[in-house]
Amino acid sequence: MSDPLRPESGRSMAIAAMLLATTVAMAPLPAAETRRDAASAGLVGADADVDWVLARIARPAPARTPFLELRDSPLLKAPLRVQGEYRREADDALVREVSSPYPETTTIAEGTVRIERAGRSPRSFAMSRAPELAALQASFGALLAGDRARLERHYRVEVDGSRRAWTLVLTPRDASLAAQVASVTLYGRGAELRCIESAPADGRVQRSLLAGAVVDADGVDDPVALAALCRGADVAADAR
């Protein structure tokens, strides 16, 4: 019998993406600052590495970024587009505020997840009832601190690509977490985290586009084009 206070797998993966995005993402850096960062980092085409990426994606609270989640399911002809904003408040509370296709606010604070939706009674559950989420929350703190050693205690960490376009893959080391989450992949350009792919151990990959990638996805409906956009291709203009 399922636990009524434990989130379903789709909700769990959405909250996992929220934990990561609100830990490391905020609004894009100003263009001038981005150019200075690229200049100080050396050649734009230089290879990225773990330390370089970690040093650039962490942001202090408060932080916020727009998101576009793509929910895929065998029951849907096309991925469901869920849009809104991720926030990390000054008190470290994490907020996922959905504006479309329905209003909904999810808040994570002091070990509790609270979900509020118009016309429904608020629901709350303890993070301890979803062990994979508690583990994700604890280990993502290493990303916020740029602590590679602590991050690598929880994940195998791989970085590929250049400083212009990089990929960071987190693969859980803990067997219980790996039974729920196969991997989490971050895609970025320079100092901007643009997309997160959360791969459940059993199910379809869920994508969350962030920051500038949300703007690029405006008017793009083709699932293949959206997946390519998540992974760094400049497909938006051709797909419209």
Side-chain angles (χ1 to χ4, degrees), residues 1-26 61-141 143-144 154 170 172 174 176-184 193 195-210 214:
M1 183 176 178
S2 62
D3 185 338
L5 294 180
R6 194 184 191 287
E8 68 276 12
S9 60
R11 171 79 65 181
S12 179
M13 291 308 298
I15 294 173
M18 168 190 170
L19 282 169
L20 180 55
T22 50
T23 296
V24 301
M26 68 177 297
R64 61 178 60 208
T65 186
F67 74 82
L68 167 60
E69 291 175 1
L70 305 174
R71 304 275 192 83
D72 204 359
S73 166
L75 302 178
L76 298 174
K77 293 183 178 179
L80 177 66
R81 298 167 68 102
V82 179
Q83 292 187 252
E85 182 179 72
Y86 291 140
R87 297 195 303 274
R88 190 171 80 251
E89 307 290 7
D91 62 359
D92 279 339
L94 307 179
V95 180
R96 170 181 174 271
E97 187 166 357
V98 176
S99 56
S100 175
Y102 49 78
E104 181 182 83
T105 301
T106 302
T107 304
I108 301 176
E110 299 180 347
T112 299
V113 179
R114 179 179 174 86
I115 302 169
E116 300 171 275
R117 191 166 176 178
R120 299 184 183 181
S121 299
R123 292 182 295 149
S124 298
F125 64 88
M127 292 283 285
S128 59
R129 289 188 174 271
E132 70 276 13
L133 294 183
L136 284 166
Q137 184 182 38
S139 53
F140 286 161
L143 279 170
L144 178 62
H154 298 281
L170 303 174
D174 180 75
S176 60
L177 179 56
Q180 299 291 333
V181 181
S183 65
V184 179
L193 174 62
C195 189
I196 299 168
E197 286 187 344
S198 302
D202 182 17
R204 299 192 179 194
V205 169
Q206 303 297 322
R207 296 183 177 90
S208 295
L209 277 64
L210 307 169
V214 176

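Note that the structure is predicted; figures quoted are calculated from it, not measured.
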Self-check item: Nearest heavy-atom neighbours spanning Ala182 and Pro172
Solution: O-CD, 3.3 Å
Exercise. Output the distance between atom CZ (Arg123) and atom CZ (Arg114), rounded to the nearest 0.5 Å.
Key: 11.5 Å
Exercise. Report the C-alpha distance between Leu70 and Leu80 in whole Å, list the side-chain angles of each, state the deciding distance to 0.1 Å, and finish with yes or no for side-chain contact (heavy atoms from CB on, under 4.5 Å).
Key: CA-CA 6 Å; Leu70 305 174; Leu80 177 66; over 6 Å; no
Practice problem: Given side-chain contact (heavy atoms from CB on, under 4.5 Å), test Tyr102 with Arg117 step by step and report yes or no. | Solution: CA-CA 8 Å; Tyr102 49 78; Arg117 191 166 176 178; 3.3 Å; yes
Quiz item: Out of curiosity, Ser208 OG to Gln83 CD, how far, rounded to the nearest 0.5 Å?
Solution: 11.5 Å
Quiz item: Does any non-hydrogen side-chain atom of Val82 lie less than 4.5 Å from one of Arg96?
Solution: yes
Exercise. Applying side-chain hydrogen bond (donor to acceptor under 3.5 Å, both in side chains), name anything that partners Arg81, two or more places apart in sequence or on another chain.
Key: none
Quiz prompt | For the student: nearest non-hydrogen atoms of Gly84 and Ser99, plus distance | solution = CA-OG, 3.7 Å
Exercise. Kindly indicate whether the side chain of Val181, heavy atoms from C-beta on, has any atom under 4.5 Å from the side chain of Pro200.
Key: no
Exercise. Give, for atom CD of Glu97 and atom OG1 of Thr105, the distance between the pair rounded to the nearest 0.5 Å.
Key: 4.5 Å
Quiz item: Which atom names give the shortest non-hydrogen contact between Val214 and Leu68, and what distance separates them?
Solution: CG2-N, 3.8 Å
Self-check item: Minimum side-chain heavy-atom gap Val113-Thr106 below 4.5 Å
Solution: yes
Quiz item: If you draw the axis of the six-membered ring of Tyr86, does the NZ or CZ of Arg64 fall within 45° of it and under 6.0 Å from the ring centre?
Solution: no
Practice problem: Would you name the heavy atoms of Ala178 and Ala201 that are closest together and state the gap between them? | Solution: O-CB, 3.6 Å
Quiz item: Would you call Ile196 and Leu210 a side-chain contact if the rule is heavy atoms closer than 4.5 Å?
Solution: yes
Quiz item: Can you list the steps and then say if Ile115 with Glu104 is a side-chain contact (heavy atoms from CB on, under 4.5 Å)?
Solution: CA-CA 7 Å; Ile115 302 169; Glu104 181 182 83; 3.9 Å; yes
Quiz item: Is there a side-chain contact between Glu85 and Pro66, using heavy atoms and a 4.5 Å cut-off?
Solution: no
Practice problem: Return the set of residues passing side chain to side chain contact (heavy atoms under 4.5 Å, CB included) with Glu89 (not counting sequence neighbours), or none when no residue passes. | Solution: Arg87, Asp91, Ala93, Val95
